Amino acid sequence: MKRYDPKTIEPKWQAVWDETKLYAAADDNDPREKYYYLVEFPYPSGEGLHVGHVLSYTALDIMARHKRMQGYNVLYPMGFDEFGLPTENYAIKHKIAPQAATETNVQNYIRQLKSLGLSFDWDRMVRTSDPDYYKWTQWIFLQLYKAGLAYQDEIAINWCPLEKTGLANEEVVDGKHERCGTPVEKKLLKQWLLKITAYADRLIEDLGTVDYLDRISAQQINWIGKSEGAEIEFRLDGMSGDMSGDRSVTVYTTRPDTVFGATFIVVSPELAKSWIEAGWKASAEVAAYITKAINTSELERQEEKTKTGVDTGIQAIHPLSGKPVPVWVADYVLGSYGTGAIMAVPAHDARDNEFARKFELPVVPVIEPVTGTPQEDPEFRRSIVAVVRNPKTGEFLTVKWVPSGGGHYGFIGGGRDGDEDIIECAKREILEETGYKNIEYKSQTLRIHHHYYAHSKKVARQIEVFGVYFDLIDDERVEPKLEPDEVGQFEVQWLSQDEVEHHITEPLHRYVYDLYVHGRIYTGDGPLLQSGEFDGLNGDRARHAIISALVKKGVGRGATKYKLRDWVFSRQHYWGEPIPIVHCSKCGAVPVPEDQLPVELPKVEHYEPTDTGESPLAAITDWVNTACPQCDGKALRETDTMPNWAGSSWYYLRYMDAHNPQAFASAKSLEYWAQVDLYNGGMEHTTLHLLYSRFWHKFLFDQGLVPTSEPYAARRSHGMILGPDGAKMSKSKGNVINPDHVVEKYGADTIRLYEMFMGPFDEQKAWSEEHLSGVSRFIYRVWTLAQDLIEAPSQPIIAEVDGDQGAFELEVDRLGHKTLKKVHEDIGAMHFNTAVSALMEYVNFLNTPTTRARLLQAESTQVRERTVRLLVLMVAPFTPHLAEELWRDLGEEASVHAAAWPAYDPELIKDDLVEIAIQVNGKLRGAIVVAADATEDEVKDAAAAEPKVAKWLAEGKIVKTIVVPRRLVNFVVN
RNA sequence: GCGGAUGUGGUGGAAUGGUAGACACGCUAGCCUUAGGAGCUAGUGGGGGAAACCCCGUGAAGGUUCAAGUCCUUUCAUCCGCACCA
């Protein structure tokens with residue numbers, strides 16, 4: 001038999017596929033239905049391909065091959081995202097041109113990608129540092145500029161002191177540069193910005209039109225951070241100095257319904273500073289605080305454990321109540337969000353509460369708490385919840401209900417008549433239920449609204465509850481006086497704080513407890529109180545009513561805020577796309593005319609960034625000095641370059657028509673390929689590349705330049721592959737797996753199949769060479785089995801096996817088609833691990849000695865042939881080289897990857913006989929085999945007759961029988 | 001704190017509300033042999049039992065259901081993202 005030798009067959013077929021352009025997508029005249037799979041193109045670093053790339057690329061490779069075999073015109077392209085700082089740093093260090101370093105790395109990547117047998121259409125390769133490509137990146141920038149979406153502003157931006165470059169908000173993680181970990185500084189620089197904020201709403205809303213993984217949509221929504229609320233003006237009083245104009249402060253809140261609970265105002269140090277600049281004479285203490293706060297970085301501010309702040313002495317007049325409230329300055333309020341000032345509602349906001357406690361400011365509750373889940377048609381009741389604490393032991397008095405009464409723990413509770421005193425009611429319930437008579441009242445809660453469903457009585461209830469707190473004085477008890485229906489339903493128990501927190505889970509009781517012990521503050525919606533004419537209004541209705549009242553008085557309005565900031569688009573570096581703008585002393589900033597694009601990156605000697613915030617390009621005088629396109633006068637080129645996210649913001653469009661010199665892609669190609677059908681990439685790009693490219697695409701759509709409003713119909717993300725030690729792979733930990741070594745040792749088909757088999761595609765998982773060897777064995781078994789079956793006619797028959805040939809063939813065909821269905825559906829659902837499992841089961845079956853011997857017999861010639869062909873076709877997307885070799889061994893001239901994907905025969909999926917599980921009272925007691933088309937009664941009778949089952953049925957009377965066709969029978973007996 | 005996810009054997013993981021643990025790794029025993037990191041056979045969730053078989057079991061506590069890993073409520077733990085964002 002031919003040996004399985006991946007080292008020979010893999011390069012052989014890779015070369016053939018390459019030469020024949022087997023995987024090239026047809027152009028936009030093709031009548032077939034199109035399908036566009038996209039994986040994130042790599043940044044060609046010196047390290048080469050990562051096993052994570054292999055996971056992502058193989059998964060979509062399998063899907064692409066599967067779709068191609070089904071007759072789709074599949075586009076599965078690859079390219080390189082070449083601009084970026086690592087290459088520039090490498091170039092500086094080794095004194096070679098970034099262009100040359102990139103070229104070397106790209107060639108290495110291409111070699112690696114090809115060695116994995118990935119079916120990319122290499123004819124459409126795009127490279128972002130190719131002037132023919134970045135010409136269009138610059139062109140799109142100019143369109144943004146003309147539309148007013150690219151603008152220059154002198155702002156304090158995030159600056160990485162190590163890489164000496166400005167950063168976008170999205171590139172700052174925990175106050176550090178996401179790539180190099182250097183703490184970010186603020187630097188005032190004239191910057192180019194892109195107005196992504198203009199698209200904030202649509203970037204959220206249109207997520208409803210695409211199929212993204214939930215966590216991706218959620219993360220984008222979170223990042224954009226839209227919040228709806230109100231801006232409210234507070235008139236200021238007692239401000240010394242000569243500030244001009246109206247003296248008032250505008251706060252932003254998402255909770256206008258809590259406005260009557262605003263007991264003080266807090267302004268950010270930044271806002272306070274602007275007041276000083278406008279003439280406010282702050283006291284020395286206040287001024288010192290402001291200065292200190294502003295000079296503390298945001299990172300340090302966050303690390304500060306307790307809240308700091310200072311009273312300004314200014315009073316603000318509450319716009320609805322007319323009462324004065326003090327104005328404080330504190331650095332927990334940010335200058336960069338909202339209006340830079342807040343109304344503090346310490347009763348209903350945790351941060352304000354902390355601040356109020358520290359500085360002893362008043363806390364006024366204005367919302368009645370609501371617990372539980374509202375039900376339909378509730379019955380109304382009044383009640384109390386009594387929490388009794390034994391101060392000596394720290395234990396709490398609870399009752400544990402018997403299982404039929406719910407089985408859970410709770411505090412003492414009970415109904416209250418309309419006019420009954422709350423404390424007396426609580427004492428009465430404690431006495432009646434537990435017999436404890438000597439207790440001391442401590443405090444009680446506000447009215448709480450609780451909703452629940454009383455299962456025992458089958459009724460929905462809405463109750464008005466007061467929590468009442470007591471301390472136990474002594475152990476003296478009398479006999480409890482229980483209602484007849486309460487007798488024996490519960491037992492009294494004292495629980496420690498820890499036990500209470502573990503066992504008492506019912507929302508109302510838990511809230512009452514948390515309020516008492518942990519001082520939990522209520523931040524949810526609920527009916528208003530102490531809010532004048534608005535008392536009783538709830539949630540949105542309360543918010544709308546209060547906003548209307550504010551609008552009427554001219555002191556407020558509904559307002560929407562976002563966390564998303566405009567995209568800082570300038571980088572003070574060499575290795576990026578030059579921004580195609582010329583600065584003329586007469587005309588100002590002038591766009592480079594489109595016919596002069598691309599503005600090519602000049603070749604230079606030195607790439608070092610400067611300390612001045614100026615790009616190294618500024619030193620290349622014969623490039624910088626140019627003529628103004630408008631007045632032909634002396635002008636200077638813009639020396640900032642674009643961020644590395646620019647080229648990747650539209651690359652998927654270039655693949656559609658990769659070599660078009662007239663346009664970034666022709667209208668016809670854009671129309672044909674329309675949208676990426678499935679895009680896979682890393683979670684780390686969710687709020688960077690993915691958001692940026694959606695923004696660019698929407699802009700192009702608005703300009704009528706692309707036919708769809710979203711670039712990607714679906715977005716998925718592969719889970720991270722961890723090192724064998726379960727830690728994230730890193731050079732410093734020495735746990736990096738190099739795909740080259742795996743390919744060298746086991747072959748491309750093995751690493752491909754292993755990565756698919758590791759676990760669910762989108763979950764993180766650790767590399768394991770032991771598990772890999774299992775996959776390697778499987779591939780070896782497939783090879784041996786297939787070769788055996790192919791060579792069968794020339795093999796001596798070892799043993800004749802008796803039995804019905806027809807039944808045997810049916811069994812083989814049935815499992816084959818069941819496997820085919822499973823593999824087919826699992827590929828579509830990206831459940832690659834279970835698809836591989838199904839293939840393993842199938843091969844295990846074919847490999848059982850009797851099956852295998854029988855397949856080798858002369859009379860099995862036909863079934864043997866169709867079986868081996870089916871097997872080869874099914875594994876083709878997963879292990880393309882193995883499949884190709886076997887396919888040719890079967891005598892085929894054409895590639896298996898151009899063969900048609902077989903359709904499963906629905907008739908063969910059905911079994912004649914099915915096994916039925918038999919349960920008695922839900923417990924498995926036996927199983928029978930019946931005809932698949934047996935009637936319910938037949939199944940029932942056969943099940944009841946099964947001896948193992950009959951034994952259990954004899955214990956009582958059958959009161960109910962559930963039959964699930966083809967699955968199980970459940971007898972309910974009592 | 002907010003948002004998202006995940007908790008199942010010794011390990012990676014399977015299970016449209018319907019026989020929990022497929023498939024694979026590892027382990028145990030045996031076979032075979034051109035001695036290998038090879039192949040084959042059997043076994044492998046826990047407990048009891050000679051066996052038939054019985055009991056328990058999907059982080060925890062409840063609930064719904066004839067039936068719950070799966071649905072609901074609460075809770076604990078871990079991971080990820082955001083974060084004094086009002």
Side-chain angles (χ1 to χ4, degrees), chain A residues 173-174 213-219 221-223 225 227 229 251-255 258 266 298 301-302 304 307 330-334 336-339 341-345 349-352 354-355 372-373 401 403 406-409 452-453 455 501-507 509-510 523 561-563 683-684 686-687 720 754 757-760 762-766 768-778 780-781 784 831 833-834 836-841 844 847 849 915-927 948 951 959-962 964 966-973:
Chain A
V173 176
D174 292 335
L213 222 52
D214 283 348
R215 62 178 200 266
I216 296 174
S217 301
Q219 210 166 302
I221 291 168
N222 205 307
W223 183 260
S227 71
V251 302
Y252 175 70
T253 179
T254 54
R255 294 296 301 273
T258 63
V266 187
E298 281 187 24
R301 279 198 207 180
Q302 282 172 26
E304 192 69 45
K307 292 209 164 26
D331 67 2
Y332 83 92
V333 173
L334 305 178
S336 56
Y337 182 77
T339 59
I342 62 152
M343 61 175 205
V345 184
D349 181 279
R351 298 152 300 182
D352 298 345
E354 188 192 335
F355 194 81
T373 318
W401 295 85
H408 53 266
Y409 287 89
Y452 72 107
Y453 187 81
H455 282 290
E501 290 178 12
H502 205 255
H503 293 297
I504 297 195
T505 55
E506 196 277 329
H509 288 222
R510 189 59 189 252
T523 56
K561 302 283 174 193
Y562 302 88
K563 286 197 266 180
M683 280 307 289
E684 69 275 20
T686 302
T687 53
M720 203 195 307
Y754 168 62
F757 187 63
M758 284 177 88
D762 56 359
E763 283 172 30
Q764 73 171 24
K765 49 235 159 195
S768 159
E769 181 138 355
E770 283 180 340
H771 288 152
L772 187 149
S773 70
V775 171
S776 170
R777 272 177 242 165
F778 168 70
Y780 198 84
R781 277 203 296 275
T784 317
H831 296 162
N833 56 333
T834 49
V836 178
S837 292
L839 288 167
M840 286 174 168
E841 280 183 77
N844 287 348
N847 255 333
E915 196 182 62
I916 306 269
I918 309 165
Q919 296 181 340
V920 178
N921 287 342
K923 289 200 175 212
L924 182 70
R925 296 301 178 193
K948 285 180 197 165
K951 188 173 87 187
V959 293
K960 195 171 176 185
T961 307
I962 290 102
V964 182
R966 308 164 64 86
R967 298 228 75 144
L968 68 65
V969 179
N970 187 12
F971 294 107
V972 184
V973 170

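Throughout, a chain's letter reflects where its sequence line sits, starting with A, and its residues are numbered from 1. Values in this document were obtained by computation on a predicted structure and should not be read as measured data.
If you check distances only, the side chain of Lys563(A) never reaches the base of C82(B) with a donor-acceptor pair under 3.5 Å. Scanning atom types as modelled, one donor and one acceptor separated by under 3.5 angstrom connect the side chain of Glu915(A) and the base of U19(B). Side-chain to base pairing of Asn222(A) with C82(B): no donor and acceptor N or O lie closer than 3.5 Å to each other.
Put simply, Lys765(A) has no side-chain N or O that comes within less than 4.0 Å of OP1 or OP2 on G12(B). Checking the phosphate oxygens (OP1, OP2) of A24(B), a side-chain nitrogen or oxygen of Asn844(A) falls inside 4.0 Å. Distances shown here put every side-chain N or O of Tyr332(A) at or beyond 4.0 Å from the OP1 or OP2 atom of A86(B). Here Arg510(A) does not reach the OP1 or OP2 of G62(B): none of its side-chain N or O atoms lies under 4.0 Å away. A sub-4.0 Å separation between OP1 or OP2 of U16(B) and a side-chain N or O of Arg967(A) is absent. Taking 4.0 angstrom as the limit, Arg777(A) places none of its side-chain polar atoms (N or O) nearer than this to OP1 or OP2 of G36(B). Considering only side-chain N and O atoms, Lys923(A) lies under 4.0 angstrom from the phosphate OP1 or OP2 of C56(B). Between Lys948(A) and the phosphate of C53(B), there is a side-chain N or O to OP1/OP2 separation shorter than 4.0 Å.
Note: CZ (Arg255(A)) to P (C84(B)) measures 20 Å, nearest angstrom. Taking atom NE2 of His509(A) as the reference point, atom C1' of G62(B) lies 14 Å away to the nearest angstrom. Taking atom NE2 of residue His831(A) and atom P of nucleotide G13(B), one finds them 14 Å apart after rounding to whole Å. Counting to the nearest Å, the C1' atom of A15(B) and the CD atom of Glu841(A) are 12 Å from each other. Following rounding to the nearest Å, Arg215(A) (CZ) and C2(B) (C1') show an atom-to-atom distance of 18 Å.
Glycosidic conformation of G10(B) is anti; the angle lies outside 90° of 0.
Both Phe757(A) and Tyr252(A) sit near RNA chain B, but only Phe757(A) has its closest nucleotide nearer the 5' end. Judged by closest nucleotide on RNA chain B, Glu763(A) is the one of Met343(A) and Glu763(A) placed further toward the 5' end.
Using a 4.0 Å heavy-atom criterion, one finds that Ser227(A) contacts the sugar-phosphate atoms exclusively. When heavy atoms are screened at a 4.0 angstrom cut-off, Asn833(A) is found touching the sugar-phosphate backbone but no base atom.
With contacts defined as side-chain heavy-atom distances shorter than 4.5 Å, the pair Val959(A)/Phe971(A) does not qualify.
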